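Before any comments, here is the structure.
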Amino acid sequence: QVIRALAQRFTGLVRSGDTVAHWGADEFVFVLTDIRDRATVSTVIQNLIEGLHAPIEIDGQTLVCTCSIGCSIYPEDGESADTLLRHADAAMFQAKERRGNHFQFYERALNQQVHQRLALNMALRDGLAADEFFLHFQPQYDVHRGGIIGVETLVRWSRPGIGMVSPADFIPVAEQTGLIIPLGAWILRRACQQYMAWPESLRGFKLAVNISFQQLEESFVAMVRSCLQETGMPAERLELEVTEGVLMKDSAYLEATLAEIKALGISLSLDDFGTGFSSLSYLQRYPFDQLKIDQSFVAKLPEDGSSGALCEAIIRMADALGLNVIAEGVETQEQLNYLKAQGCNQVQGFLLSRPLAADDLLVLLNKPKGSQSSVDSAVFE
Ligand code: C2E
Ligand code: CA
Ligand code: CA
């Protein structure tokens, strides 16, 4: 119904000789003829964006749509319909990144970037089918006894002919293209399977899995539920890490989704805490169990006074709100001492252990608590 309403509105916004086509899913193609210059195109596009802005009434519900528009011009951006469409698509991809109502003319340099990203996305898709991904687990420690209390799942991609690609490079692309949904589901399932494969007597720790904003769509809770059922993973041992970016979701939807996750018995951790939104009222509104102090603050400890003050404030606030707090990116003994003195009870970082393959983690788990990290056990009380 929305598509129909929009189609009708669009045809009213272009001149009689122009063409409007529904190009599948939520995409439309406009062919504007007799264009004098780019300024004319800009005006038409501005009209479209404004025309789209008026709310649509459907079954008593008021909806507002936004759009991303990419534009290519004959003949400078392409001689054939095919090329023009491809280039308009590339420009749209770029406009989309800026979220909300934006438009973008095709530019050759942009196209290269977009092509690279599309190629990466194809390789990711193939990689998922060809089983090129695997998981590492970074131990999280109790600062008093030195034992492993949890592990964070971190995905790794070994790309044929290229080698290891960092998740910092491919996760953003997977997020943009929606591939994160199947990839994220694979990661969760694989992580739970691996957890259950470690010997039961050593499984006293929790398993944390990173979840991207885009994954929290309609079928997310059902996916998590069936993953728990099929792998036998105990919900109380599973923790999902989300960043403050999830707060961009519709708040009623987010509230309901997070409540369902909690109802399953899973805990929720707020990742990269302190780097996103400034409003803290969401800590009351949403059922988070844990804050993760972002590594950018930890990295500047203990020399940088303001980072120290921030860490302290986060630890106090978490304490007052009854939330657990964990610091990530701990690389030096000084950082560990500082955090410990401030009352931070859990830490994770290269000082204690890098992310490990499942077998290497097993070796650590088999050791006594005080020797499960690369730090001398005397450091722990
Ligand atoms: P993140 O969730 O903040 O993960 C922590 C990152 O910090 C990891 O990088 C980890 O290897 C690194 N790290 C851990 N200890 C230290 C330390 O002491 N010093 C420094 N400098 N770095 C440390 P990685 O594995 O490259 O992951 C980067 C980001 O990619 C993650 O940041 C997360 O946002 C994303 N990511 C990784 N795995 C997944 C996943 O399975 N799903 C999703 N959605 N995102 C993932
Ligand atoms: Ca994380
Ligand atoms: Ca983080």
Side-chain angles (χ1 to χ4, degrees), residues 124 127-128 132-141 148 150-158 163-195 206-217 220 223-224 227 238-246 267-276 288-301 311 314 324-336 338-339 346-358 360-361 373-375:
L124 281 168
L128 191 55
E132 290 164 15
F133 294 92
F134 59 98
L135 302 179
H136 273 176
F137 301 90
Q138 186 175 36
Q140 303 174 321
Y141 294 88
I148 295 176
V151 293
E152 178 179 5
T153 308
L154 295 159
V155 66
R156 300 288 177 255
W157 181 25
S158 149
M164 292 287 270
V165 187
S166 162
D169 293 328
F170 69 80
I171 291 284
V173 175
E175 288 177 341
Q176 253 171 34
T177 59
L179 193 69
I180 192 68
I181 292 172
L183 179 60
W186 180 87
I187 292 168
L188 182 65
R189 179 168 305 251
R190 191 73 206 87
C192 291
Q193 280 167 350
Q194 178 55 60
Y195 185 89
K206 67 185 174 170
L207 174 73
V209 178
N210 290 289
I211 301 294
S212 296
F213 162 85
Q214 292 81 354
Q215 287 178 261
L216 293 180
E217 32 92 72
F220 181 71
M223 182 279 284
V224 174
C227 176
L238 182 61
E239 178 171 84
L240 301 183
E241 291 190 10
V242 297
T243 63
E244 290 164 287
V246 299
S267 51
L268 289 168
S269 179
L270 197 50
D271 204 357
D272 305 343
F273 184 72
T275 59
F288 292 109
D289 301 278
Q290 169 169 291
L291 304 182
K292 259 191 126 165
I293 303 180
D294 188 62
Q295 41 184 291
S296 61
F297 303 133
V298 175
K300 294 185 211 136
L301 295 179
C311 288
I314 294 173
N324 187 29
V325 61
I326 180 165
E328 68 177 344
V330 177
E331 292 181 351
T332 69
Q333 190 64 59
E334 290 70 35
Q335 289 166 353
L336 179 62
Y338 186 97
L339 288 159
Q346 297 182 1
V347 286
Q348 165 185 0
F350 292 168
L351 173 71
L352 298 124
S353 171
R354 299 211 158 235
L356 302 170
D360 296 330
L361 181 71
S373 74
S374 32
V375 171

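Numbering of residues begins at 1 and proceeds along the displayed sequence. Just so it is clear, the structure is predicted and the values come from calculations on it, not from any experiment. For ligands, and for the atoms within them, numbers begin at 1 and follow the listed sequence.
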Next item on the list: Check whether any heavy atom of E152 sits under 4.0 Å from an atom of ligand 1.
Entry: yes

Next item on the list: Around atom 14 (C) of ligand 1, find the nearest protein heavy atom and jot down its residue, atom name and distance.
Entry: Q138 OE1, 3.0 Å

Notebook entry, point to check: Heavy-atom contacts under 4.0 Å between R354 and ligand 1: side chain, backbone, both, or neither?
Noted result: neither

Notebook entry, point to check: Taking both backbone and side-chain atoms of E241, is any N or O found less than 3.5 Å from an N or O belonging to ligand 1?
Noted result: no

Notebook entry, point to check: Between T243 and ligand 1, which part of the residue brings a heavy atom under 4.0 Å of the ligand: side chain, backbone, both or neither?
Noted result: neither

Notebook entry, point to check: Is there an N/O/S atom in E241 that lies less than 3.0 Å from the Ca ion (ligand 2)?
Noted result: yes

Item checked: atom 13 (N) of ligand 1 - nearest protein heavy atom and its distance -> F350 CE2, 3.6 Å

Checklist line | Atom pair CD1 (I326) and CD (E241), whose distance is rounded to the nearest 0.5 Å | finding: 8.0 Å

Checklist line | atom 20 (C) of ligand 1: nearest protein contact (heavy atom, Å) | finding: E331 OE2, 3.1 Å

Next item on the list: Looking only at protein heavy atoms, identify the closest one to atom 28 (C) of ligand 1 and say how far it is in Å.
Entry: P167 CG, 4.0 Å

Item checked: the Ca ion (ligand 3) to D272: nearest N/O/S atom name -> OD1

Check: Tell me: protein heavy atom nearest atom 38 (N) of ligand 1, and distance?
Finding: V155 N, 3.2 Å

Notebook entry, point to check: Do K292 and E239 sit within salt-bridge range, that is, some charged N less than 4.0 Å from a carboxylate O?
Noted result: no

Item checked: Parallel, tilted or perpendicular: rings of F133 and W157 (30°, 60°) -> parallel

Next item on the list: Measure L351 to ligand 1 on non-hydrogen atoms and call it side chain, backbone, both or neither using the 4.0 Å cut-off.
Entry: neither

Check: What do we get for P355 next to ligand 1 when only non-hydrogen atoms under 4.0 Å count, side chain, backbone, both or neither?
Finding: side chain

Margin query: Would you say Q140 and Q346 are linked by a side-chain donor-acceptor pair, where the criterion is simply a distance under 3.5 Å?
Written below: no

Notebook entry, point to check: Of the protein's non-hydrogen atoms, which lies at the shortest distance from atom 5 (C) of ligand 1, and what is that distance?
Noted result: Q295 NE2, 3.6 Å

Notebook entry, point to check: Hey, is the Ca ion (ligand 2) within less than 3.0 Å of some N/O/S atom on N210?
Noted result: yes

Note to self: Counting only heavy atoms closer than 4.0 Å, does ligand 1 sit against the backbone of Q348, its side chain, both, or neither?
What the structure shows: neither

Next item on the list: Using only N, O or S atoms, tell me which atom of E152 is closest to the Ca ion (ligand 2).
Entry: OE2

Next item on the list: Decide whether an N or O pair under 3.5 Å exists between I211 and ligand 1.
Entry: no

Next item on the list: Considering only non-hydrogen protein atoms, determine which one is nearest to atom 41 (O) of ligand 1 and report residue, atom name and distance to 0.1 Å.
Entry: I187 CD1, 3.3 Å

Notebook entry, point to check: What do we get for R156 next to ligand 1 when only non-hydrogen atoms under 4.0 Å count, side chain, backbone, both or neither?
Noted result: side chain

Next item on the list: Would you give the angle at the Ca ion (ligand 3) between D271 atom OD1 and E328 atom OE2, to the nearest 10°?
Entry: 100°

